[in-house]
Amino acid sequence: MTIEEQLRNSVLEAINELYNAHLDEKIIQVQLTRKDQKGDYTVVVFPLLKVSKKKPEETGEDLGRYLKEKLAFIESYEVIKGFLNLSLSHSFWLERLNGIIADENYGFEVAGADSPLMMIEYSSPNTNKPLHLGHIRNNLLGYSLSRIASVTGNKVVKTNIVNDRGIHICKSMLAWQKWGQGVTPASSGEKGDHLVGRFYVMFDKHYKAELAALEGKGLSKEEAEKQSLLMAEAREMLLKWEAGDKDVVDLWRTMNQWVYDGFDITYKNLGIDFDKIYYESETYSVGRDKVLEGLEKGIFYKKADGSVWADLTDNGLDEKLLLRGDGTSVYMTQDIGTAKLRFDNYNIEKMVYVVGNEQDYHFKVLSILLDKLGFEWGKDLVHFSYGMVELPEGKMKSREGTVVDADDLMEEMIDTAREMSKELGKLEGYSDEDAEEVFRMVALGALKYFMLKVDPKKNMTFNPKESIDFNGNTGPFIQYTHARIKSIFRKASDKGIAWSGSAPLSVSLNTKENNLVRSVSNFPNVVQEAGAAFSPALIANYVYELAKEYNQFYHDSPILFEEDEQVRNMRMTLCYAVSETIKKGMWLLGADVPERM
RNA sequence: GGUCCCGUAGUUCAAUGGAUAGAAUACUGGAUUCCGGUUCCAGCGAUAUGGGUUCGACUCCCGUCGGGAUCACCA
């Protein structure tokens with residue numbers, strides 16, 4: 001039972017005994033006491049006034065007296081306005097501290113055999129262009145969420161749907177055929193996804209030129225689009241692909257493989273992975289079958305040109321295209337098939353889609369369509385909708401070439417980390433490989449922390465320079481704090497200063513020490529909240545706060561220089577607990593912490 | 001135009017309906033015999049706007065203004 005739960009139960013008891021009343025547990029508010037007040041936990045008295053029928057101060061006083069008497073760990077209390085602030089005894093906190101460091105999984109609720117299964121989809125790239133900054137936020141959110149879910153009592157399957165077919169893929173294939181002159185990643189040394197992306201852009205350029213030429217002849221934009229030969233060729237290619245035309249399929253396989261090889265490198269560098277990958281090319285036909293089935297059952301309808309639609313006007317939405325006039329599938333079609341396959345493959349309790357908020361409408365529709373098709377889980381899908389990433393210079397626009405490539409960004413961040421670390425010169429004795437590993441940790445830690453500290457729902461501005469600053473609310477600042485603690489322990493063994501491995505219960509704590517123990521002790525609550533709210537940002541903000549608190553403690557408390565052995569052991573225990581908590585918190589963000597940096 | 005999301009210090013971000021709206025950065029001033037000064041302390045400075053609900057509103061409701069997304073035989 002957590003401290004809050006104990007307090008909440010005791011408050012309920014108190015209300016029962018003092019006022020002969022019963023209240024719903026939910027309205028009892030127990031929270032950590034604000035830093036500027038004396039105390040550890042605060043009970044908000046206002047909601048109790050209706051049963052106490054007394055003034056807030058008197059009610060708080062009643063409650064404080066009762067709790068202090070009943071709970072041995074309450075040392076003192078103070079009532080300020082409508083708030084009852086409880087101070088817990090130092091020996092209680094110290095005992096707790098020892099319990100925390102003895103438990104490797106403190107704060108983590110590991111899944112058992114009966115735990116619910118959560119499937120989390122993220123990344124979901126198209127195989128026509130390389131990953132960019134927006135994908136990075138997606139991947140980091142998905143990966144962090146999966147870690148958080150895995151330590152809040154869920155079995156987790158990380159999944160990815162690769163959008164490897166469709167008209168957009170045909171565009172890059174066509175461009176390569178026409179203008180590629182047989183170039184390959186091997187022949188050019190270009191990373192596969194970048195090479196294919198280049199041809200996608202090339203198609204677009206030629207297509208635009210063709211449209212301009214047609215419009216120059218007096219055609220309207222719509223007419224020009226209809227008459228475009230390039231687009232006609234792309235559409236024809238898609239038809240051939242769906243018909244299984246050997247040449248087209250061979251080319252598709254070859255070019256997709258180039259892209260996969262490229263993606264693998266990017267994922268590896270980003271430090272993320274998947275348990276199960278679905279390919280749209282393998283799921284779209286399942287979706288098409290379901291759509292045709294729905295058509296037979298009269299759930300959907302066909303227009304004169306043969307296209308299949310869902311009428312969602314009863315749901316307050318529009319009509320939605322499910323199959324084109326020529327019978328080929330669209331995005332929605334495959335998502336129906338993918339969902340069906342997943343629920344066939346796994347005993348999914350909760351399906352989470354990490355997809356940007358520009359697709360809010362799409363998922364609303366998907367959910368309704370699945371429901372209409374008779375899947376009882378359709379309406380329970382969770383669209384984890386996150387905001388766009390912008391740069392200090394403004395929005396990324398592919399047309400204007402201001403898209404930040406994921407590989408380039410990571411490389412630049414690593415370069416910066418390398419320069420900064422070399423200036424510090426704390427890596428003497430490290431091999432080049434080990435040092436490079438540290439540069440990577442710092443660069444990626446900076447990127448991940450910066451992206452994840454922001455509420456996922458909101459749009460954000462990513463500032464690469466600011467993110468890797470070793471000062472401020474950044475990943476490197478947190479990593480630095482961890483490295484410094486590790487340095488203390490190295491120094492201790494150099495100097496032959498032993499650590500007893502736990503804190504003596506008899507020492508007293510100063511305010512900063514007390515706050516630190518309380519913060520470390522609160523870690524499990526933060527993890528649970530982050531799991532419930534699907535919010536890595538809560539973890540990030542917590543870890544930062546902890547690091548900052550630690551630095552305040554560190555600044556004015558001698559640790560190894562402390563002469564009182566008992567106090568020294570307590571402080572070293574505290575240091576250890578903080579370093580472990582920072583490490584775990586950063587792990588939940590998918591970030592590593594170095595021993596030195 | 002319909003629907004949805006968002007407006008908090010100069011800037012980037014916080015705040016389960018709870019106390020005097022917190023940080024970071026920038027700027028100004030200060031600390032330090034030291035275990036990693038990439039530290040610590042102080043100052044400066046904000047809830048777009050008008051109503052409503054509440055003991056209590058950045059938070060919930062309605063209006064106005066501003067920004068974004070979406071409403072594709074793109075994904």
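Residue numbers start from 1 in every chain, and the chains themselves are labelled A, B, ... in the order their sequence lines are given, proteins ahead of strands.
Checking A:M420 against A:E319, the closest nucleotide of RNA chain B that is more toward the 5' end is the one next to A:M420. Comparing A:N163 and A:R596 by the nucleotide of RNA chain B whose heavy atom lies nearest to each, the residue mapping closer to the 5' end is A:R596.
Straight-line distance from the NZ atom of A:K171 to the C1' atom of B:rC74: 6 Å, rounded to whole Å. Between the P atom of B:rU70 and the OH atom of A:Y361 lies a distance of 13 Å, rounded to the nearest Å. At whole-Å resolution of the value, CZ in A:R324 and C1' in B:rC74 are 8 Å apart. The CD-P distance, from A:Q359 to B:rA72, rounds to 14 Å in whole Å. Computed from coordinates, the A:E390 CD to B:rG67 C1' distance equals 10 Å when rounded to whole Å. Counting to the nearest Å, the C1' atom of B:rU3 and the CG atom of A:N315 are 14 Å from each other. Spacing between atom OH of A:Y331 and atom P of B:rA75 amounts to 10 Å, rounded to whole angstrom units. Summarising the geometry, the separation between CZ on A:R571 and P on B:rC34 is reported as 18 Å, rounded to the nearest angstrom.
Using a 4.0 Å heavy-atom distance criterion, A:I488 is classed as a sugar-phosphate-only contact. Residue contacts for A:Y544: at a heavy-atom cut-off of 4.0 Å it reaches the sugar-phosphate backbone alone, with no base atom in range. Using a 4.0 Å heavy-atom cutoff across all strands shown, A:T333 reaches no nucleic acid atom at all. Looking at heavy-atom distances under 4.0 Å, A:A492 makes no contact with the nucleic acid at all. Residue A:E545 is classed as having no contact, given no heavy-atom separation below 4.0 Å to the nucleic acid. At the heavy-atom level, A:P392 lies nowhere under 4.0 Å from the strands shown.
Residues A:E242 and A:R165 are in side-chain contact: their nearest non-hydrogen atoms beyond the backbone lie under 4.5 Å apart. Contact annotation: the side chain of A:M597 never approaches that of A:M441 to less than 4.5 Å [non-hydrogen atoms, C-beta and beyond].
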Treat primed atoms plus P, OP1 and OP2 as sugar-phosphate and everything else as base, then score nucleotides 10-20 of chain B 5' to 3': B for base contact with protein heavy atoms under 4.0 Å, S for sugar-phosphate contact only, - for none. --SSS-B-BBS
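Remark: B:rU3 base-pairs with B:rA69; criterion is Watson-Crick or G-U wobble with both hydrogen-bond distances under 3.5 Å. The base-pairing partner of B:rA23, taking Watson-Crick or G-U wobble contacts with both distances under 3.5 Å, is B:rU12. If you check B:rC60 for Watson-Crick or wobble pairing at under 3.5 angstrom, you find it paired to B:rG52. In this structure, B:rA42 and B:rU28 make a Watson-Crick or G-U wobble pair, each of the two defining distances being under 3.5 angstrom.
Taking the C1' atom of each, B:rU25 and B:rA9 are spaced 11 Å apart, rounded to whole Å. On the C1' atoms, B:rU20 is 15 Å away from B:rC58, given to the nearest whole Å. Taking atom C1' in both B:rU53 and B:rG2, the straight-line distance is 29 Å, to the nearest Å. B:rU64 sits 23 Å from B:rU70 when the C1' atoms are compared, rounded to a whole Å. Distance check on atom P: B:rU59 versus B:rA15 gives 14 Å, rounded to whole Å.
Identified under the side-chain hydrogen bond (donor to acceptor under 3.5 Å, both in side chains) test for residues 130-142 of chain A, with sequence neighbours left out: A:S123-A:N139, A:N138-A:Y386.
Rounded to the nearest 0.5 angstrom, A:L133 CG and A:L447 CG are separated by 8.0 Å.
Close placement of the A:W499 and A:F489 rings is indicated, their centers lying within 6.0 Å of each other. Between A:F203 and A:Y200, the ring center distance fails the sub-6.0 Å criterion. Between A:Y284 and A:Y331, the ring center distance fails the sub-6.0 Å criterion. Taking the six-membered ring wherever Trp is involved, the centroid distance between the rings of A:F384 and A:Y353 does not fall below 6.0 Å. For A:F477 and A:Y449, the ring centers are positioned 6.0 Å apart or more.
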Close N/O contacts between protein and nucleotides 40-42 of chain B (under 3.5 Å):
residue, atom, partner, partner atom, Å
B:rC40, O2', A:H555, ND1, 3.3
B:rC41, OP1, A:Q552, NE2, 3.1

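Aromatic ring orientation, A:F46 versus A:F83: perpendicular (interplanar angle above 60°, classes split at 30° and 60°).
Salt bridge A:R324/A:D326: absent, no basic N to carboxylate O contact under 4.0 Å.
Regarding contacts with the backbone of B:rU39, a side-chain N or O of A:N471 is found under 4.0 angstrom from either OP1 or OP2.
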